[in-house]
Amino acid sequence: MPDETAVKSALRAHRIELPSWAFGNTGTRFKVFAQPGVPRTPQEKIDDAAQVHAFTGVAPTVAVHIPWDKVDDYAALTAHARERGVAIGTVNANVFQDDDYRLGSVANPDPRVRAKAVAHLMECIDIMDATGSKDLKLWFADGTNYPGQDDIRGRQERLAEALALTYERLGPGQRMLLEYKLFEPSFYTTDVPDWGTSLVHCLALGERAAVVVDTGHHAPGVNIEFIVAMLLRAGRLGGFDFNSRFYADDDLMVGAADPFQLFRILHEVVSAGALDPSAGVAFMLDQCHNIEPKIPAQIRSVMNVQEATAKALLVDRAALAAAQQAGDVLGANAVFMDAYNTDVRPLLAELRGKMGLDPDPVAAYQRSGYAEKIVADRIGGTPASWGS
Ligand code: RM4
Ligand code: MN
């Protein structure tokens, strides 16, 4: 069996990044449900993210989304985060919410629109320089709705050109993470629809370009852990956007819909020795809490990732390898399932105690009074919402 001290120290070193947009109001295209106490500024989103870190101890960075988190002074925003005990993480570009992007951004047939999109990507790297962020995360809504609408290969050429210009602008130690998504908002073609397309572009760009796997961005039934294994083998798994889904890009809490899938994914990560922050895989959440309170939902999500990770760390790899080598199909599967079926909650509670945290982060947050305080304090202003 794996050594429990090693399991605990791996869990203690594991880092999970929070998305600033998870703290604002969200909904579906049918309705955004406003919640009281929601942040009105990027600073207040950071304050809320800092609560998640305070109670879990493993979520010290918060990803920003530009222009949703645009501020005049990024050095001041960075200092604000530091004062709250967190740091600004990945910078997410947004080239999907401007009227100019009706036919796409970096793959738009109009060179003026492409130049505008690339200028935004450059601006995001300027922001990274100011915040000390390491990763630029790109997700493009680009695609077409109707056969014949645009030239599929032509769009790939334009995309490649924009990515190359952006990649060249990266500073030392900075990376470009290219996310893919099967469909939506485009319904016929999407310009970066899958990991293969993303990987082809990353390989052409260079070593500092890597693929992001958003767990909600695949067709139903796709074996995501296989993709993860392939990207790890190629050295191009830049990170995850964790969330869960029943149907499409549902953005529900990670581990809610299919905790076994999350375990299988993390098993591949652990097997490849890629859990440690030094391996360069970013473990990010990308979720929306449309009907549930946001801060405890983020705490719960962090805990769900930790539980799946703990189970993955508990796989008896020596026994698994022996069974695999011996062709013992049932034995190998039993080793795998033993780890998954272990109740890791006591182990994590004990670890939290050792880290000076409450063993039950959700209950501790509920008792803290923070939820009531933000409802009382955050009166007036415009609550952060999808698109602001
Ligand atoms: C996209 C994608 C990106 C996220 C936006 C909000 O579907 O998942 O990662 O930045 O949504
Ligand atoms: Mn995502």
Side-chain angles (χ1 to χ4, degrees), residues 16-29 32 39 42 45 49 61-70 88-98 101 104-106 117 120-121 123-124 127-128 133 135-143 175-187 190-195 197-198 202 209-219 222 224 227-228 231 237-245 247-255 257 262 265 281-290 294 297-298 301 305 384-388:
I16 297 160
E17 182 161 302
L18 310 174
S20 72
W21 53 101
F23 300 97
N25 283 325
T26 51
T28 63
R29 60 195 158 124
V32 172
K45 293 183 204 172
T61 57
V62 48
V64 292
H65 217 297
I66 308 298
W68 301 341
D69 296 316
K70 207 175 168 113
I88 296 174
T90 305
V91 174
N92 287 256
N94 182 324
V95 282
F96 51 87
Q97 284 184 313
D98 191 292
Y101 299 139
S105 62
V106 289
H120 173 72
L121 305 186
E123 180 198 350
C124 287
I127 294 169
M128 291 164 68
S133 300
D135 291 339
L136 172 69
K137 177 142 73 70
L138 304 177
W139 171 72
F140 298 110
D142 289 53
R175 304 190 301 171
M176 178 192 280
L177 304 183
L178 182 58
E179 183 174 350
Y180 59 89
K181 175 170 157 173
L182 175 63
F183 82 102
E184 196 197 28
S186 298
F187 294 115
T190 294
D191 293 316
V192 189
D194 52 30
W195 68 280
T197 308
S198 177
C202 289
V211 180
V212 170
V213 176
D214 182 313
T215 47
H217 287 188
H218 308 86
V222 164
I224 299 175
I227 296 171
V228 168
L231 289 173
L237 179 63
F240 291 98
D241 265 3
F242 280 132
N243 50 58
S244 66
R245 53 78 69 82
Y247 300 101
D249 190 18
D250 305 353
D251 280 339
L252 298 174
M253 291 189 297
V254 56
L262 184 60
I265 290 171
V281 177
F283 298 88
M284 302 172 281
L285 304 180
D286 177 13
Q287 303 180 167
C288 294
H289 307 296
N290 299 347
K294 296 159 199 303
Q298 285 281 296
S301 305
V305 175
S385 184
W386 180 247
S388 60

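Atoms within each ligand, like the ligands themselves, are counted from 1 in listed order. Keep in mind it's a predicted model, so treat the numbers as computed, not measured.
Atoms OD2 of Asp286 and OD2 of Asp241, as seen from the Mn ion (ligand 2), are separated by an angle of 100°, to the nearest 10°. Between the OD2 atom of Asp214 and the OE2 atom of Glu179, the angle taken at the Mn ion (ligand 2) works out to 90° after rounding to 10°.
Residue, atom and distance of the protein heavy atom nearest to atom 2 (C) of ligand 1 are Glu179 OE2, 3.2 Å. Here the heavy atom of the protein found nearest to atom 4 (C) of ligand 1 is Asp286 OD2, 3.6 Å. Closest to atom 6 (C) of ligand 1 among all protein heavy atoms lies His65 NE2, 3.6 Å.
Distance alone, capped at 3.5 Å, places no donor-acceptor pair between the Ser133 side chain and the Thr90 backbone. A distance-only check finds no donor-acceptor pair linking the side chain of Asn94 to the backbone of Pro67 [under 3.5 Å]. Remark: side-chain polar atoms of Gln287 are paired, donor with acceptor, to backbone N or O of Val254 under 3.5 angstrom. Here the side chain of Lys45 pairs no donor or acceptor atom with the backbone of Trp21 at under 3.5 angstrom.
The N/O atoms of Trp21, backbone and side chain alike, include none that comes under 3.5 Å of an N/O atom in ligand 1. Considering backbone and side-chain N/O atoms, Asp214 comes within less than 3.5 Å of an N/O atom of ligand 1.
If you look at Asp249 next to ligand 1, the close heavy atoms, those under 4.0 Å, all belong to the side chain.
Between Lys137 and Glu17 there is no salt bridge, since no side-chain nitrogen of the basic residue lies less than 4.0 Å from a carboxylate oxygen of the acidic one.
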